[in-house]
There are 2 protein chains.
Amino acid sequence: MTEFGLSPIQATARDDAVLKALAGFVMREALGPGQRLPTERILAERLKVSRNTVREALTRWEGLGLVERRQGSGTYLKGVVSLDMLHMPLTLAGGNDFTSLMQTLEIRRALEAEAAALCAIRADQAEIAEIARKLDIMEQAFHTRAGMSAEEDWEFHQSIYRSSGNPLFEQIIAAMHELFHRFWEHPLGVRDFGHASFPYHRTIYERIAAHDPEGARAEALKLIATVEDDLKRGAAKLELSGQK
Amino acid sequence: MTEFGLSPIQATARDDAVLKALAGFVMREALGPGQRLPTERILAERLKVSRNTVREALTRWEGLGLVERRQGSGTYLKGVVSLDMLHMPLTLAGGNDFTSLMQTLEIRRALEAEAAALCAIRADQAEIAEIARKLDIMEQAFHTRAGMSAEEDWEFHQSIYRSSGNPLFEQIIAAMHELFHRFWEHPLGVRDFGHASFPYHRTIYERIAAHDPEGARAEALKLIATVEDDLKRGAAKLELSGQK
DNA sequence: ATGCAGAAATTGGTTGGACCATTGAGCCAT
DNA sequence: ATGGCTCAATGGTCCAACCAATTTCTGCAT
């Protein structure tokens, strides 16, 4: 194990100090997403605080999505960490009913369209190629597995958000995506979900590749519209079958 | 101390289970902001988990701004808690620079335009009247106080979000607004900030009152564009004066 | 009785040490 | 090579204290 450039902490407000020290360490070592950071035991020893304090600090970062813990393996960076970060935790009440889903879709419509337009403006050749790659993977999965391509679908969209030049798009939409997953994992019997949206993935890509922001925005809006339709169909079915 | 309706927890993923149980407890007891919740020691005893686990769970909620801890006093609710909450922690890397501000503005542009459009579709007469009232107040404040109408300006926008039929708009934009305030409270020497955007408030209102969603969207976009220009001017000034 | 200072109880914050559960790497027999 | 096994490393949980800030109670002086 190498020598970590970490020095002890002093007064109260330990866990904040721990996070500050850790952020500094991450910056000095130029650690990025995916990389492992020191074990809790080592951090506790180097910073001269108890392991519990280190754990509370890391729990904070985990809650902010900055870090991921894997038991038996280690703690890994999930995002970019810097000393001067601003946190904006949003908690939205409501969640699992049809209305809430439609409301999040309205937000997503706004963001998805804007992200696609920005991407069409800003994406360079490498980024466009990456999007094309994700699109190919998705289309291939769609055909071989008869429409079960949710994971690949999501990765395609993510590649667009990443190329929008604004990381907030991915952060916000990712949170909503999680909500959607939780919702139609087991309930809601719309099997062909997403089929209708399939063709628009390619049209979005084409508008982005052509650096046509308004075209990309329009295609993104069409895609979301099909999802909304699917959702309404699913809700209607639930209504009929008498469920709540 | 009353009898808490809390039952033991079972398997792994303790802290999540703790939060679920706590959320259920808060709902059953109909606890609201400002009220104190049970001691960590009591929670640990009732839920049959260690106090450490309770603390990690509460640390999560504290990070989300749902709860506030006061040493020697207790843990108090800060927001509304329910079982089906969606958490959306956003992190702005390097929070106080020009880039971060522009990024939040891009998000706001997307949401503001969509909210204005939805409002034009859905707002009823009473809501339109309320928006008109806020607009009058704002314009009057603008003229009497020579442009210092930030508070009234914000209330005008809020009234639009509220009439969009989707509470998420207000929640998300409000979080960003708070962030903005913290930023240009003292730094950034653009005095005439917001002057350029003034006329568009009335045009937005007129398009909403006319139930013209695309018109409202277009005017909202113009307004945000003026804010972006102001921001760029401010950044250019900082650049000139040699600050970082 | 009243008011206030000091003691005591309450409560979140921290510590250190122990053990469990999962992971991953190295080893060994096949 | 391959498959299974062992074992060390690592995060997850627990316990039992003690510290620090706050609140509440107590009792004395007025």
OP1 or OP2 of D:dT13 less than 4.0 angstrom from a side-chain nitrogen or oxygen of B:Arg55, does that happen here?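 For D:dT13, OP1/OP2 do not have a side-chain N/O of B:Arg55 under 4.0 Å.
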
Can you tell me if B:Arg69 touches the phosphate of C:dG13, counting only side-chain N or O atoms and a distance under 4.0 Å to OP1 or OP2?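 So the side chain of B:Arg69 is within the cut-off, an N or O lying under 4.0 Å from OP1 or OP2 of C:dG13.
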
Using whole Å, what does the distance between atom [atom2] of nucleotide [N] and atom [atom1] of [X] come to?
| X | N | atom1 | atom2 | result |
| --- | --- | --- | --- | --- |
| A:Glu40 | C:dT22 | CD | C1' | 14 Å |
| B:Leu43 | C:dT11 | CG | C1' | 12 Å |
| A:Glu45 | D:dA9 | CD | P | 14 Å |
| A:Asp15 | C:dG12 | CG | P | 15 Å |
| B:Arg36 | D:dT22 | CZ | P | 14 Å |
| B:Leu58 | C:dG12 | CG | P | 8 Å |
| B:Leu37 | C:dG12 | CG | C1' | 12 Å |
| A:Glu56 | C:dT14 | CD | C1' | 9 Å |

How would you list, by chain and number, every residue that makes a salt bridge (Lys or Arg N to Asp or Glu O under 4.0 Å) with [X], sequence neighbours excluded?
| X | result |
| --- | --- |
| A:Glu45 | none |
| B:Arg108 | B:Glu112 |
| A:Arg41 | none |

Suppose we screen for side chain to side chain contact (heavy atoms under 4.5 Å, CB included). Which residues come up paired with [X], at least two apart in sequence or across chains?
| X | value |
| --- | --- |
| A:Leu19 | A:Ala57, A:Arg60, A:Trp61 |
| B:Gln171 | A:Leu92, B:Pro167, B:Leu168 |
| A:Ala113 | A:Arg217, A:Leu221 |

When you measure from the side chain of B:Arg36 to the backbone N and O of B:Ser73, does any donor-acceptor pair fall under 3.5 Å?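 Here the side-chain-to-backbone pair exists.
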
Residues in contact with DNA chain D, drawn from residues 72-79 of chain A - heavy-atom cutoff 4.0 Å: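 A:Gly72, A:Ser73, A:Gly74, A:Thr75 - these, ordered by number, are the residues of the stretch whose heavy atoms sit under 4.0 Å from the strand.
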
Filtered N/O pairs between nucleotides 15-20 of chain C and protein, under 3.5 Å:
residue : atom : partner : partner atom : Å
C:dT15  : OP1  : A:Arg14 : NE           : 3.3
C:dT15  : OP1  : A:Arg14 : NH2          : 3.2
C:dT15  : OP2  : A:Ser50 : N            : 3.0
C:dT15  : OP2  : A:Thr53 : OG1          : 2.5
C:dT15  : O4   : A:Asn52 : ND2          : 3.4
C:dG16  : O6   : A:Asn52 : ND2          : 2.8

Contacts of A:Tyr205 that satisfy side chain to side chain donor-acceptor pair (under 3.5 Å) - sequence neighbours left out: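 Per chain and number, A:Tyr205 pairs via side chain to side chain donor-acceptor pair (under 3.5 Å) with no residue.
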
CA sep, side-chain torsions, deciding dist, call: A:Lys134, A:Glu155, salt bridge (Lys or Arg N to Asp or Glu O under 4.0 Å): CA-CA 7 Å; A:Lys134 298 287 187 188; A:Glu155 288 197 11; 3.0 Å; yes

